[in-house]
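Structure first, then comments.
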Amino acid sequence: ITVTARSPRKNWISAPPATIVIVMILKQQGITIPLQPVPKQRFAKSVWKLWAPLWDMIGMKPVARKHRHVLFVDGYNVIFAWDSLKELAETDLEGARIHLMDMLSNYAGYTGCELILVFDAYNVKDGRGERSDYHNIHVVYTKEAETADTYIERATYDLAKEHRVRVATSDNLEQMIILGHGAVRVSAKEFHEEIENAKVLISEVIERNNRAGREMDRIRARATIKEQ
């Protein structure tokens, strides 16, 4: 087997040094593992397939690609952390919930994430829990004796194994638990900044589309005049 430090073709890459060392050790034991250069743009997708025999021999398995972005939002934690929603919730809690859901629906539509909004119904007597869809987001009301923290912690334990999971909350204890599950926490303040940035970008997209629409209307109007 011949191992070179640099691939003979500029747009190709060779095996990582650690892999080369393992292959050389196996070769000394009479085991040959064929390595092939991989184009850079295909490296991430094909490297595991090309070197599958090596991973099998040394007992390694590729890590599954986390293809879904799942975002959990601790509803009441966020409502009472954002000044505008907190003020509204003092007189109209249902209105604050609806306003939050509207903002999150726009955010999910723009970012493409799968968003799950969880409201704590811990003190609701005989609460059986409720799950529903609001436009493009999922809304969960926990059952009696179950906090939003508990629901999110249980859900992230399962989902974070295969997907990219974030949790919007300012609960520090919950942060420690979800980090242990492989999820990432974003504070309510940081999430509010994300929401505001998304609102600006959404407005820009709408304005561009409106300008394009107006320009198309002018073109059609001119074409109609010429035909007449």
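Both backbone and side-chain heavy atoms feed into the values below; hydrogens, waters and symmetry mates do not.
- Counting only heavy atoms from C-beta outward, the side chains of Leu117 and Val140 never approach each other to under 4.5 Å.
- No donor-acceptor distance shorter than 3.5 angstrom exists from the side chain of Asn77 to the backbone of Thr169, with no hydrogens or angles considered.
- Taking NE2 from His69 and CD from Glu114, the interatomic distance works out to 10.0 Å, rounded to the nearest 0.5 Å.
- A distance of 13.0 Å separates CD of Glu190 from CD1 of Ile195, quoted to the nearest 0.5 Å.
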*Please test Lys199 against Asn106 for side chain to side chain contact (heavy atoms under 4.5 Å, CB included), starting from the C-alpha separation and ending with a verdict.*
CA-CA 8 Å; Lys199 285 170 63 176; Asn106 290 336; over 6 Å; no

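- Distance check, rounded to the nearest 0.5 Å: CD1 of Ile79 to CD of Glu87 gives 14.0 Å.
- Other members of the cluster containing Tyr110 are Leu201, Ile202, Val205, Ile206, with ILVMFWY side chains joined at under 4.5 Å, either directly or via other members.
- With respect to the salt-bridge test (charged N to carboxylate O, under 4.0 angstrom), the residues Glu194 and Lys189 do not qualify.
- Counting heavy atoms of neighbouring residues, nucleotides and ligands inside a 6.0 Å radius, atom CD of Glu196 exceeds 12 of them.
- Remark: the Glu153 side chain and the Thr150 side chain contain no N/O donor-acceptor pair separated by less than 3.5 Å.
- Legend: ring-ring contact (aromatic ring centres under 6.0 Å, His included) pairs involving residues 129-153, not counting sequence neighbours, sorted by first then second residue: Phe119-Tyr141.
- Pairing each heavy atom of Val139 with each of Met101, the nearest pair is CG2-SD, 3.6 Å.
- Residues Val167 and Val184 are not in side-chain contact: their nearest non-hydrogen atoms beyond the backbone lie 4.5 Å or more apart.
- Summarising the local packing, CG of Asp133 is surrounded by more than 12 heavy atoms from other residues, nucleotides or ligands at distances under 6.0 Å.
- Connection of Trp82 to Leu88 is not established within any shared hydrophobic cluster, with ILVMFWY side chains joined at heavy-atom distances below 4.5 Å, either directly or through further cluster members.
- Residue Arg154 holds its CZ atom at 9.5 Å from OG1 of Thr142, rounded to the nearest 0.5 Å.
- Between the CD1 atom of Ile152 and the CD1 atom of Ile116 there is a distance of 9.0 Å, given to the nearest 0.5 Å.
- At a threshold of 4.5 Å between side-chain heavy atoms, the hydrophobic network of Ile, Leu, Val, Met, Phe, Trp and Tyr places Val118 and Leu115 in two separate groups.
- Summarising the geometry of Asp74 relative to Ala148, their closest heavy-atom pair is OD1-CB, 3.8 Å, with the distance given to 0.1 Å.
- Here Glu207 pairs with Arg214 in a salt bridge; the nearest charged N to carboxylate O distance falls below 4.0 Å.
- In summary, the side chains of Ser105 and Asn136 do present a donor paired with an acceptor at a separation below 3.5 Å, with no hydrogens or angles considered.
- Applying the side-chain contact (heavy atoms from CB on, under 4.5 Å) criterion to Thr111, with sequence neighbours excluded, gives Tyr107, Cys113.
- The structure places CZ of Arg208 at 11.0 Å from OG of Ser203, a figure rounded to the nearest 0.5 Å.
- For the pair Leu93/Tyr76, a side-chain contact is recorded, criterion being any heavy-atom separation below 4.5 Å from C-beta on.
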*Show your working on salt bridge (Lys or Arg N to Asp or Glu O under 4.0 Å) between Lys143 and Glu146 and close with a plain yes or no.*
CA-CA 6 Å; Lys143 59 186 178 182; Glu146 181 183 37; 5.1 Å; no

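- Cluster annotation: Ile137 is connected to Leu71 through the hydrophobic network of ILVMFWY side chains, with a link wherever side-chain heavy atoms come within less than 4.5 Å.
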